[in-house]
Protein chains: 2
Amino acid sequence: MSAGISLDQSYPNLFTPEDQVFVRALEDDPVSIPPRHALTLRGEPLSHAAYLTSGFAGRFRADWTGRRQLLSLHIPGDFIDLPSFMLFRLDHDIDSFNAITCARLHHDRIAQMRVTMPHLYDCFWRISLMDSAIQRYWAFRVGRLVGRARIANFFAEIFARMFARKLCGTDGFTLPLTQADIGEACGMTPVHANRMLGELREEGTCTLENGRLVIHDLRLLASVGQFEWDYLYLPPQAEAELADLLGAGATRQRRRAPAPAPRT
Amino acid sequence: MSAGISLDQSYPNLFTPEDQVFVRALEDDPVSIPPRHALTLRGEPLSHAAYLTSGFAGRFRADWTGRRQLLSLHIPGDFIDLPSFMLFRLDHDIDSFNAITCARLHHDRIAQMRVTMPHLYDCFWRISLMDSAIQRYWAFRVGRLVGRARIANFFAEIFARMFARKLCGTDGFTLPLTQADIGEACGMTPVHANRMLGELREEGTCTLENGRLVIHDLRLLASVGQFEWDYLYLPPQAEAELADLLGAGATRQRRRAPAPAPRT
DNA sequence: CGCGGAGTTGAACGCATTCAAGTCTTGTGG
DNA sequence: CCACAAGACTTGAATGCGTTCAACTCCGCG
């Protein structure tokens, strides 16, 4: 049971010191969940909103044959089911990847914040929308990019989020996902995920081994994945650091492609 | 400039009559946008939140070659950029499909609602999350389903949303999308979209013609698309009607597939 | 009458899936 | 300490879904 990451560390520049103290006081008993275990099931009524203080979790939705699509990956510091405060039930399952601990806020206490701590209340809305933006970008990733780029883009995002939260350096980070998980995240078979990871390794981009992603060439990772990070809504300082590390990104372009280039 | 759909019609059971009157009074000048025109650009600072009173619009994100992925399709009654209230800028472009009109609420006025109309303020948060759930499901669609199922699932969703809002009957609805648009929505080339639409037509599921989707067999459409609608967070009555029209849907199943069936 | 956008179709190619057979690692029990 | 089972990872070969390229039709519009 590590001390864990605080909300203030997770979302710098968002909370006031008073917010931080206040929200700490509202937390109910923390919970621990073993690896590869369900946190919440689709449709189940929820009474608390939880955020990860350690470990990784993901949201899943399965097709009628039982094959799962990973819809989001949550890293330490993320709220994992904040939408349940407004929607009461979720439309997907949430599972842990490794062992996790989370702090919990009862919905009623969040509701009281609307009057007592309006700024904090707004922060929660804002956080839920930042989370949604990440999930929206997920559709772009699996819809528009080819296999290798999908995985590189996925890795680049997780790096950016971990790095912005100071949970890792530039050389890699803990990532307790199997190749089958990568497949579920990026909409491909485990076998194909394996081959694409092999290519990324061969070309000197990155290596996934023993629950850790080792990054060999950060700029290459970002460019193979066509990664941009505006959708993460990071504080200006973190954005600047990322621009420095990952390269300028693409220059912005509008409208349909002049010459519809082959899918990359 | 038609009278257009009201928020109350769009989200039945959500607003109180007072909410409805109040929000109407806050609306700024409505705007009209011509077909195939940009509403907002990625990164642009916004001062208003708009909702569609008529017409269709979509959110897009392009890869580095300029090819676009449709991230969401907005039908009359949808808020299209409500997240901008909390995030100030958007991470994607918004374009019209046909001619649209929208009502606008200044961010400052929404902010004032937090004290004056707390219930209404919460409704806006809730609406933004219902919208997010739709966009999250988009990742499932393009990540897990094969071509024909992707399109059928997409059509089934639009039908469900239009029908729940009483904007169409069971025989079809206005859908001002080209086959190229369908391709951008479902993550495939226009050519392949054409072939898949041909199959759906041949097998008696539905026909897309002249900016209208004609539904020949609603249950078939839903089953080909493996469509479920829990993620739409519709009022109970609409859910019951849909269950009646579309069939029971799949019985819920958890965990990985016992025998990993081929991708459908 | 000619242009452009949307839709359609055929054929070749290639990315991704499927099936299958392996290796390697890890943890468990004899 | 070793045998064994289970899961993760790897690799090859065949198949097939989707893309690409290209040509052609249809239709509305200037």
Side-chain angles (χ1 to χ4, degrees), chain A residues 34-36 63 65-69 97-98 141-152 175-202 206-214 224 255-264, chain B residues 35-36 63 65 67-69 97-98 141-152 175-202 206-214 224 255-264:
Chain A
R36 304 284 162 179
D63 69 13
T65 70
R67 296 174 63 123
R68 304 193 305 171
Q69 173 68 41
F97 285 105
N98 53 359
R141 177 185 302 130
V142 297
R144 273 276 67 100
L145 303 180
V146 294
R148 199 164 93 262
R150 280 213 284 275
I151 295 181
L175 189 66
L177 304 192
T178 66
Q179 295 187 349
D181 294 327
I182 305 290
E184 290 185 338
C186 297
M188 63 184 73
T189 56
V191 173
H192 197 57
N194 176 297
R195 293 194 227 272
M196 294 302 102
L197 285 170
E199 286 188 16
L200 289 172
R201 198 186 316 124
E202 293 303 313
C206 60
T207 306
L208 180 68
E209 53 185 10
N210 304 326
R212 179 177 168 82
L213 185 77
V214 178
V224 168
R255 319 311 319 163
R256 290 165 202 267
R263 183 167 169 165
T264 312
Chain B
R36 304 285 163 177
D63 69 13
T65 70
R67 298 173 61 123
R68 304 193 305 171
Q69 174 67 41
F97 285 104
N98 54 0
R141 176 185 302 130
V142 296
R144 275 276 64 103
L145 302 180
V146 294
R148 199 164 93 262
R150 280 214 283 275
I151 294 180
L175 189 66
L177 304 192
T178 67
Q179 295 186 348
D181 295 328
I182 306 290
E184 289 185 338
C186 296
M188 63 184 75
T189 56
V191 173
H192 197 56
N194 175 298
R195 293 194 227 271
M196 295 299 102
L197 285 170
E199 287 188 16
L200 289 171
R201 198 187 315 124
E202 293 303 313
C206 60
T207 305
L208 180 69
E209 52 184 12
N210 304 325
R212 181 178 166 80
L213 184 76
V214 178
V224 168
R255 320 310 322 166
R256 291 166 202 267
R263 182 166 168 166
T264 312

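Residue numbering restarts at 1 for every chain, and letters A, B, ... go by the order of the sequence lines. Computed from a predicted structure; not experimentally measured.
- Put simply, CG on B/Leu177 is 12 Å from P on C/dA6, counting in whole angstrom units.
- Toward the 5′ end of DNA chain C lies the nearest nucleotide of B/Pro190, the other residue of the pair A/His192 and B/Pro190 mapping further downstream.
- Two residues are said to be in side-chain contact when any heavy atoms from C-beta on lie closer than 4.5 Å; A/Thr189 and A/Arg67 meet this criterion.
- Put simply, CD1 on B/Ile182 is 13 Å from C1' on C/dG7, counting in whole angstrom units.
- Going from atom CZ of A/Arg67 over to atom C1' of C/dT18 covers 10 Å, rounded to whole Å.
- Between the CD atom of B/Glu209 and the C1' atom of D/dC26 there is a distance of 15 Å, rounded to whole Å.
- Straight-line distance from the CG atom of A/Leu208 to the P atom of D/dT10: 9 Å, rounded to whole Å.
- For D/dT10, one of the phosphate oxygens OP1 or OP2 lies less than 4.0 angstrom from a side-chain nitrogen or oxygen of A/Arg201.
- In terms of heavy atoms, B/Arg36 sits closest to B/Leu177 at NH2-CA, 4.3 Å.
- B/Arg150 places a side-chain N or O within 3.5 Å of a backbone atom of B/Cys186 that can act as its donor or acceptor partner.
- Going from atom CZ of B/Arg195 over to atom C1' of D/dT20 covers 10 Å, rounded to whole Å.
- In terms of phosphate contacts, B/Arg36 brings no side-chain nitrogen or oxygen within less than 4.0 Å of OP1 or OP2 of C/dA6.
- Between A/Ile151 and A/Met188 the shortest side-chain heavy-atom distance falls below 4.5 Å.
- Between the CD atom of A/Gln179 and the C1' atom of D/dT11 there is a distance of 12 Å, rounded to whole Å.
- Atoms CE (A/Met188) and C1' (C/dC15) sit 11 Å apart, rounded to a whole Å.
- Contact check, A/Asn194 against D/dC9: no side-chain N or O comes under 4.0 Å of OP1 or OP2.
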